[in-house]
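Worth saying up front: this structure is predicted, and the values here are computed from it rather than measured.
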Amino acid sequence: MKIVNTNELEEFTWKSPRGKYRGAGKEVSEALGRDPKSTDLLLRHPFDVEILRLEPGATPYPYHAHGQQWEFYHVISGRGKVRHEGGETAIAQGDAFLFKAGEPHAMTNDGDVDLIVYVVADNPLNEANYFPDSGKWVVPLPRRQVIRGESADYMDGEE
């Protein structure tokens, strides 16, 4: 058994070029030995766990859907809102929710303290993503590319 203390994990941060999308997280699965580039599920792990932290006003990613991946979210602290096909839903500490493959979603911290969320995703190979607002796809083969009829940057049409 391998054990890690998530309080001791280094937090990584990201921000889109113009700053519209930003967030921070701790890669729990990688700390437990996950190799995200492997095709061997014993090395890749069948699921991925992250502790997501969003500062007030932050949205981590554009509105998107996964081709095969399911994502489970559990709000540990704070509050926010989730955009989905049916509109927007408020979320708060203790809420748990799930997005199946093909269901578009995005999350925003609309509170005044950090929003902390456990995110657990299954780990399908050759995952593709769709961005309904900009009409783009991220396709994994022959290498990961963002396309909209022609090659596009990840943030093109999002900010």
Side-chain angles (χ1 to χ4, degrees), residues 4-7 9-32 34 36 44-140 144-148 152-159:
V4 297
N5 185 304
T6 59
N7 294 319
L9 295 181
E10 183 177 335
E11 185 178 79
F12 67 97
T13 61
W14 64 92
K15 184 167 70 168
S16 63
R18 291 187 232 163
K20 182 175 181 178
Y21 302 100
R22 66 188 190 281
K26 293 183 178 186
E27 295 174 331
V28 178
S29 293
E30 279 83 349
L32 289 169
R34 175 179 182 258
R44 181 180 178 81
H45 296 184
F47 55 86
D48 189 31
V49 179
E50 176 185 342
I51 300 172
L52 174 65
R53 182 178 65 79
L54 300 178
E55 295 174 343
T59 298
Y61 307 109
Y63 187 59
H64 67 285
H66 299 274
Q68 299 177 57
Q69 181 173 288
W70 289 53
E71 290 180 326
F72 166 81
Y73 297 83
H74 184 210
V75 179
I76 302 306
S77 63
R79 65 182 177 87
K81 63 183 175 184
V82 175
R83 180 180 170 200
H84 50 85
E85 286 181 306
E88 288 185 345
T89 300
I91 56 171
Q93 182 175 345
D95 287 342
F97 49 98
L98 180 74
F99 285 102
K100 299 184 291 188
E103 292 183 336
H105 55 281
M107 184 178 352
T108 299
N109 178 350
D110 64 356
D112 54 6
V113 299
D114 286 353
L115 173 63
I116 309 294
V117 181
Y118 280 119
V119 183
V120 180
D122 66 350
N123 234 347
L125 293 171
N126 300 320
E127 171 63 11
N129 306 99
Y130 176 63
F131 297 83
D133 292 341
S134 59
K136 291 188 320 238
W137 288 89
V138 174
V139 294
R144 186 173 185 248
Q145 293 182 347
V146 179
I147 61 171
R148 184 181 335 130
D153 181 75
Y154 178 80
M155 286 296 163
D156 184 29
E158 303 298 340
E159 292 188 288

Closest non-hydrogen atom pair, [X] against [Y]:
X	Y	value
Thr108	Gly57	CG2-O, 4.4 Å
Ala101	Gly67	CB-O, 3.6 Å
Asn7	Asn5	N-OD1, 2.8 Å
Pro56	Gly111	CB-O, 3.3 Å
Ala24	Glu50	O-OE2, 4.4 Å
Met155	Ser16	CE-CB, 3.5 Å

Nearest 0.5 Å, please: how far is [atom2] in [Y] from [atom1] in [X]?
X	Y	atom1	atom2	value
Leu125	Arg44	CG	CZ	4.5 Å
Gln93	Leu115	CD	CG	10.5 Å
Asn109	Leu54	CG	CG	6.0 Å
Phe47	Glu71	CZ	CD	15.0 Å
Thr59	Met107	OG1	CE	9.5 Å
Ser134	Glu159	OG	CD	11.5 Å

Inset, instruction - Taking the side chain as every heavy atom from C-beta outward, state whether Phe99 and His66 have any atom pair closer than 4.5 Å. - result: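 The answer is no; the side chains never approach within 4.5 Å.
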Inset, instruction - Could you check if a side-chain atom of Glu30 sits within less than 4.5 angstrom of a side-chain atom of Asp48, using non-hydrogen atoms only? - result: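 Yes, their side chains come closer than 4.5 Å.
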Legend entry - Partner of Asn123 under side chain to side chain donor-acceptor pair (under 3.5 Å), chosen from Gln68, Arg34, His45: Arg34
Legend entry - Lys/Arg N to Asp/Glu carboxylate O, Lys136 vs Glu158, below 4.0 Å: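 Yes, Lys136 and Glu158 are salt-bridged.
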Legend entry - Under-4.0 Å salt bridge between Asp110 and Lys81: no
For [X] and [Y], indicate whether the former's side chain and the latter's backbone hold a donor-acceptor pair under 3.5 Å.
X	Y	answer
Asp122	Trp70	yes
Glu127	Gln69	yes
Trp14	Pro60	yes

Inset, instruction - Please work out whether the ring planes of Tyr61 and His64 are parallel, tilted or perpendicular, with thresholds of 30° and 60°. - result: perpendicular
Legend entry - Whether Phe97 and Tyr73 hold their rings parallel, tilted or perpendicular, with breakpoints at 30° and 60°: parallel
Inset, instruction - Please name the residue in the list Leu52, Val75, Ile51 that meets the side chain to side chain contact (heavy atoms under 4.5 Å, CB included) test with Ile116. - result: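 Of Leu52, Val75, Ile51, side chain to side chain contact (heavy atoms under 4.5 Å, CB included) with Ile116 is met by Ile51 alone.
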Legend entry - Flag for His84-Glu103: side-chain donor and acceptor within less than 3.5 Å: no
Legend entry - Neighbour count above 12 (heavy atom, 6.0 Å) for Glu11 CD: yes
